[in-house]
Amino acid sequence: MSKNIFKYGVMIAVILLSVFCLTACSSGGASTSADKDSAVVVTQSDYHTYMDKEERFGVELFGEMKNNGNETVQIKDVSIELFDSEKKSIGKVKGMFAPEYLKPGDIGLFSYLIPSEGGSVKIKQFGQVASISAVVSYSPVKEYENNTLMVTSAKLKISPANDIPEVETTIENTYDQDVLDYNAVAGVYDSKGKLIACYRNDKSNDKAILKKWNQNTFLSGWPDNTDVKRFDDAKSAKVFAYVTKFGEIKY
């Protein structure tokens, strides 16, 4: 099998990272289990269960990955599986990630929000999710069209009116063509470098950037006020973005 993978230049990395709930809280402490031979490893991962105003439950899933190999890789997808306290699978989802290509030493982020109003995975009660695992699939690439967008600014914006901080970011389109759509993921870190949340632009209506231009935008969290104390030590933010569609912006 390994010879075939090497022959066709395709490698599927499977990184399992389990996050175990320490108490009856909304998010747990991370315990890492990774394939040591993989080039791409999941360096951090966590989850957060929340309740909306109608007392329905949803879960935020997020993590960080790093290319520890010697080749640039293309991230194919990130599959996240949820488990209950008996380690029975609750379901799987495909996370949004950025950037698409990781050079040796580069890091990226992935995130997914299971909505409280319903989705492919149903969360029926608080504490139902006890652990998660993240599986990153990738392929080494020699030649590729780089679609990474330059992020020139990423700042935490904490407002007294909003317990959950936003991330203000400036994304530069350095390409000679307009960007019609892009994926962006922002990570919020505490003073010790722990990833405590990820935000995405998957619901943004303004995802176009003129060529040789920039866009200032905010990435924010879910409508939830539970477990906000985890943001008390929020100190920094990282944002990664890549183009999903080039084209011509028409007015």
Side-chain angles (χ1 to χ4, degrees), residues 19 25-28 30 43-54 56-65 78 80 93 95-100 107-117 119 132 148-173 179-210 213-244:
V19 181
C25 60
S26 58
S27 59
T43 54
Q44 299 192 56
S45 184
D46 212 337
Y47 67 95
H48 166 69
T49 301
Y50 70 92
M51 182 175 67
D52 65 16
K53 295 179 180 179
E54 284 73 34
R56 300 172 300 185
F57 300 100
V59 182
E60 180 205 10
L61 313 167
F62 54 91
E64 181 187 85
M65 54 190 171
V78 179
I80 309 170
V93 295
M96 181 175 176
F97 59 85
E100 182 178 358
I107 67 171
L109 298 168
F110 60 86
S111 179
Y112 187 85
L113 181 66
I114 296 175
S116 57
E117 64 269 21
I132 66 171
T148 302
L149 288 167
M150 184 181 299
V151 176
T152 57
S153 177
K155 299 178 181 178
L156 280 180
K157 304 290 288 187
I158 301 175
S159 168
N162 185 7
D163 293 323
I164 299 173
E166 295 179 311
V167 177
E168 182 180 11
T169 183
T170 301
I171 299 174
E172 301 272 355
N173 176 13
V179 170
L180 296 183
D181 192 75
Y182 67 90
N183 284 346
V185 182
V188 179
Y189 295 80
D190 66 14
S191 61
K192 296 181 180 180
K194 179 183 178 182
L195 182 64
I196 54 179
C198 276
Y199 308 147
R200 306 159 309 282
N201 72 330
D202 52 350
K203 292 185 179 180
S204 173
N205 292 323
D206 186 14
K207 297 176 68 175
I209 312 175
L210 289 168
W213 202 249
N214 65 70
Q215 182 181 94
N216 184 266
T217 187
F218 286 87
L219 299 177
S220 58
W222 55 100
D224 162 52
N225 288 317
T226 62
D227 192 27
V228 295
K229 287 189 174 296
R230 66 192 174 117
F231 291 100
D232 288 349
D233 192 34
K235 296 297 182 183
S236 63
K238 295 178 184 177
V239 178
F240 300 97
Y242 71 95
V243 181
T244 58

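Not counting sequence neighbours, the partners of T244 by the side chain to side chain donor-acceptor pair (under 3.5 Å) test are D181. Every salt bridge (charged side-chain N to carboxylate O under 4.0 Å, His left out) that E168 has, sequence neighbours left out, goes to K157. When the side chain to side chain contact (heavy atoms under 4.5 Å, CB included) test is applied to A208, the partners found at least two apart in sequence or on another chain are I249. Checked against side chain to side chain donor-acceptor pair (under 3.5 Å), S111 has the following partners two or more places apart in sequence or in another chain: R200. Residues meeting the side chain to side chain contact (heavy atoms under 4.5 Å, CB included) test with A98, sequence neighbours left out: V185, F240, Y242. Contacts of D190 classified as side chain to side chain contact (heavy atoms under 4.5 Å, CB included), with partners at least two apart in sequence or in another chain: K192, K194, I196, D233.
The backbone N or O of S153 lies less than 3.5 Å from a partner atom in the side chain of T169, making a donor-acceptor pair. N173 places no side-chain N or O within 3.5 Å of a backbone atom of W213 that could act as its donor or acceptor partner. One N or O on the side chain of T43 and one on the backbone of E64 form a donor-acceptor pair closer than 3.5 Å. Here the side chain of Q44 pairs a donor or acceptor atom with the backbone of L195 at under 3.5 angstrom.
Remark: N216 CG to I171 CD1 distance equals 9.0 Å, nearest 0.5 Å. Put simply, OG on S220 and CD on E166 are 5.0 Å apart, with the number rounded to the nearest 0.5 Å. Summarising the geometry, atom CZ belonging to F62 is positioned 10.5 Å from atom CG belonging to L109; distances are rounded to the nearest 0.5 Å. To the nearest 0.5 Å, atom OH of residue Y50 and atom CG of residue L113 are 4.5 Å apart. Between the CG atom in L61 and the CD1 atom in I80 there is a gap of 5.0 Å [rounded to 0.5 Å]. With rounding to the nearest 0.5 angstrom, the CE atom of M65 is 9.5 Å from the CD1 atom of I107.
V228 has its side chain within reach of I164: a pair of non-hydrogen atoms, C-beta onward, lies under 4.5 Å apart. Contact check for Y199 versus P165: side-chain heavy atoms found under the 4.5 Å cut-off.
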>> Could you walk me through whether V59 and F57 satisfy the side-chain contact (heavy atoms from CB on, under 4.5 Å) test, starting with their C-alpha distance in whole Å, then the side-chain angles of each, then the deciding distance to 0.1 Å, before giving a yes or no?
In response: CA-CA 7 Å; V59 182; F57 300 100; over 6 Å; no
> What do the steps show when you test I209 against N214 for side-chain contact (heavy atoms from CB on, under 4.5 Å), and what is the final call?
Replying inline: CA-CA 6 Å; I209 312 175; N214 65 70; 5.6 Å; no
> Can you check side-chain contact (heavy atoms from CB on, under 4.5 Å) on I132 and Y112, steps first, answer last?
Replying inline: CA-CA 12 Å; I132 66 171; Y112 187 85; over 6 Å; no
> Going through the checks in order, is the side-chain contact (heavy atoms from CB on, under 4.5 Å) test met by N201 and M96?
Replying inline: CA-CA 10 Å; N201 72 330; M96 181 175 176; 3.0 Å; yes
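The nearest pair of heavy atoms linking S236 to L156 is N-CD1, 3.5 Å. Looking at every heavy atom in both residues, P99 comes nearest to A241 through CB-O, 4.5 Å. Contact record, S45 with F110: OG-CZ, 4.3 Å, taken as the closest heavy-atom pair.
Looking at Q215 and Y182, their side chains do bring a donor and an acceptor atom within 3.5 Å of each other.
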